[in-house]
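Below is one structure, written out as structure tokens; comments come after it.
So that the names make sense, note that chain A is the first sequence line, chain B the second, and so on, each numbered from 1.
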Amino acid sequence: MRMSKLFFQTLREVPADADVASHRLMLRAGLVRQVAAGIFDFLPLGLRVKHKIEQILREEMDAIDGQEVSLPVVQPAELWQRTGRWQAIGDDLARLKDRNGRDMVLGMTHEEVITEMAGGVINSYRQLPQMLYQIQTKFRDEPRPRGGLIRVREFTMKDAYSFHTDFADLDAYYPDVYQAYFNIFRRAGLQVIAVESDTGMMGGTMAHEFMALTPIGEDTLLLCDGCHYAANRQIATFVKQAAPAEDALPLEEVETPHVNTIAALAEFLGVPESRTAKAIFQVAEMDGDDGKSREQFVFVVVRGDMELNETKLTNAIGARRLRPATTDEIKAIGAEPGYGSPVGIDRAKVLLVVDDLIPQSSNLVAGANKEGWHYKNVNYGRDYTADLVLDVVAAAEGHGCPVCGEPLTAVRGVEVGNIFKLGTKYSEAMDAVYLDENGESIPMVMGCYGIGSGRLIASVIETSNDENGIIWPVSIAPYEVHLVSLATPKQPEIVAKVEEVYAALQAAGIEVLYDDRDERAGVKFNDADLLGLPLRLTMGKRGVENGIVEMKNRRTGEGSELALDAVVSGLRAALDAERALIAATVVPEKMG
RNA sequence: CGGGGAGUAGCGCAGUCUGGCAGCGCACAGCGUUUGGGACGCUGGGGUCGGAGGUUCAAAUCCUCUCUCCCCGACCA
């Protein structure tokens with residue numbers, strides 16, 4: 001491709017709206033443009049990268065017996081009503097009406113429509129298992145898109161769905177997908193780790209997320225160096241250190257004026273935060289009897305030095321979602337913000353959930369539900385009992401690994417892929433059944449597997465760039481080679497030589513971006529660094545007269561010289577070396 | 001949804017407080033000189049100052065309403 005004809009523009013100055021590196025670089029390099037919050041154009045260079053990633057996705061999905069299909073973006077609401085997600089999902093699901101007033105949705109994921117399709121096509125156990133995938137537009141009306149292509153509203157996703165006769169077959173297949181995902185990210189030049197994750201609204205029994213580690217990541221991960229335990233903070237567990245048991249002392253009211261935080265309380269009374277109990281007030285949206293939702297006040301007690309993990313709480317009580325309670329709501333159940341405790345509240349109005357560390361902790365300091373007062377020596381069992389006692393607190397850096405006990409490390413990551421064992425949630429709802437050997441009707445067992453291609457691109461750039469621009473892995477670079485001509489219009493014989501090389505590279509099947517623009521050398525070199533193609537060839541009067549083409553590796557910065565009559569072979573060798581490097585990053589990953 | 005910030009040419013910004021011809025740099029076009037790491041000179045094109053309403057002789061500037069975008073949080077299949 002000749003840059004003089006390319007539809008693109010590089011920007012010297014950074015658009016003010018972008019403060020994430022990948023976003024800035026994608027805008028500056030002319031890969032994408034933003035149309036609205038979380039909605040982007042892809043320009044030719046950006047689209048080439050996207051296509052290359054999607055080709056990798058296809059190859060790896062095909063390698064595990066996937067078959068590509070295409071499902072609609074606009075879907076009838078009726079499908080979503082059958083699984084209950086029409087009600088269960090909030091404003092993230094974009095809804096519209098067709099001309100007849102029928103409710104429709106923009107597909108944010110495709111479980112409903114593919115399960116309906118699979119149910120229609122698959123009748124017999126002889127047709128199972130099946131792995132179907134598509135590379136399709138999704139629309140999720142996210143409350144806050146951010147970070148360029150990191151979190152967007154409209155995006156392209158490779159979503160795959162497998163259908164099995166039973167759980168054993170899914171369990172046997174799931175590691176294949178797990179491995180395929182590592183292959184995909186390796187081929188795209190992205191280092192990832194897999195962590196256990198929450199199944200969330202998808203339902204299901206097991207899930208993994210594939211995380212690119214970067215400080216701009218939105219998820220917090222807890223990793224153990226000792227044993228390779230790795231989990232999203234949303235579900236991470238840890239070894240809880242119970243305080244030594246003590247004899248229960250008498251409940252005692254103490255005056256604590258203007259002490260309405262745990263830190264202030266601990267300091268005021270001279271006790272460690274671990275000897276206090278923290279009250280958290282939430283309102284949960286729960287499934288009601290009539291298919292409508294109802295609100296439930298949830299009173300949570302955790303030890304003062306712990307944080308509530310809202311995902312764990314949501315899952316524990318089966319809530320659709322949680323929100324913090326308002327001051328009025330807190331007072332209505334007989335509690336006092338800042339001085340809350342489960343002692344003396346109106347138990348009929350609340351669901352009382354207590355972290356499992358609390359019953360093991362004696363003589364805690366807790367609120368007295370009275371402004372300016374706390375109780376000392378609050379003991380679970382004697383002073384109050386809960387509706388639920390279970391793990392609802394968040395793991396944090398330094399906590400003990402639940403597997404081996406070593407301290408956990410917290411890091412940030414971007415979720416670039418996820419895999420779920422869905423089970424029969426959707427097949428039952430959509431009546432996607434098959435007949436087994438005995439002629440019995442059985443719901444198919446499903447798995448689902450997603451990778452967002454745009455977020456993958458952004459993650460690669462995020463982890464592979466320098467102060468001059470992007471550094472593309474050769475596998476997904478928009479072009480393999482940047483041919484920079486320094487010949488001026490007054491040097492027609494040099495121009496002719498460059499054109500010859502350009503033609504030879506094209507004839508050799510090498511993807512070459514040819515900077516034939518009438519620009520100064522500095523402009524061309526800077527644009528080449530910004531665009532970040534793996535190899536740069538420079539041809540100018542100086543080299544050509546000596547029969548030399550200069551080659552520079554974008555990744556290493558190393559320069560070398562190729563003989564003018566052996567450019568193609570020299571370049572091929574260099575490209576092969578880059579490809580070999582990516583292949584060599586294979587880290588055999590075992591699921592578990 | 002809560003908190004903070006910002007909308008003036010394709011991009012980066014000044015001008016707004018204190019109302020008085022809509023500016024600067026980059027980019028773009030023409031001509032000339034240049035030509036191996038973001039050249040120089042001259043000339044030129046490009047604006048509903050986010051939108052609507054109001055105040056005023058006069059509004060980018062003051063007032064009211066509104067839309068959009070960014071960041072933090074909440075949320076996130």
Remember a base hit wins even if backbone is also touched, and classify [X] as base, sugar-phosphate or nothing at under 4.0 Å, heavy atoms.
X	value
A:Asn418	sugar-phosphate
A:Asp17	sugar-phosphate
A:Gly30	nothing
A:Arg321	nothing
A:Lys552	base
A:Val14	sugar-phosphate
A:Pro15	sugar-phosphate

Q. Quick one: does A:Leu43's side chain get under 4.5 Å of A:Arg33's, heavy atoms only?
A.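 Contact flag for A:Leu43/A:Arg33 side chains = yes.
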Q: With a 3.5 angstrom cut-off on both distances, give the Watson-Crick or G-U wobble partner of B:C28, or none if there isn't one.
A: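 Its partner is B:G44 (Watson-Crick or G-U wobble, both distances under 3.5 Å).
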So, does the side chain of [X] form a donor-acceptor pair with the base of [N] at under 3.5 Å?
X	N	answer
A:Arg12	B:G37	no
A:Arg536	B:G36	no
A:Gln9	B:G10	no
A:Glu13	B:G25	yes

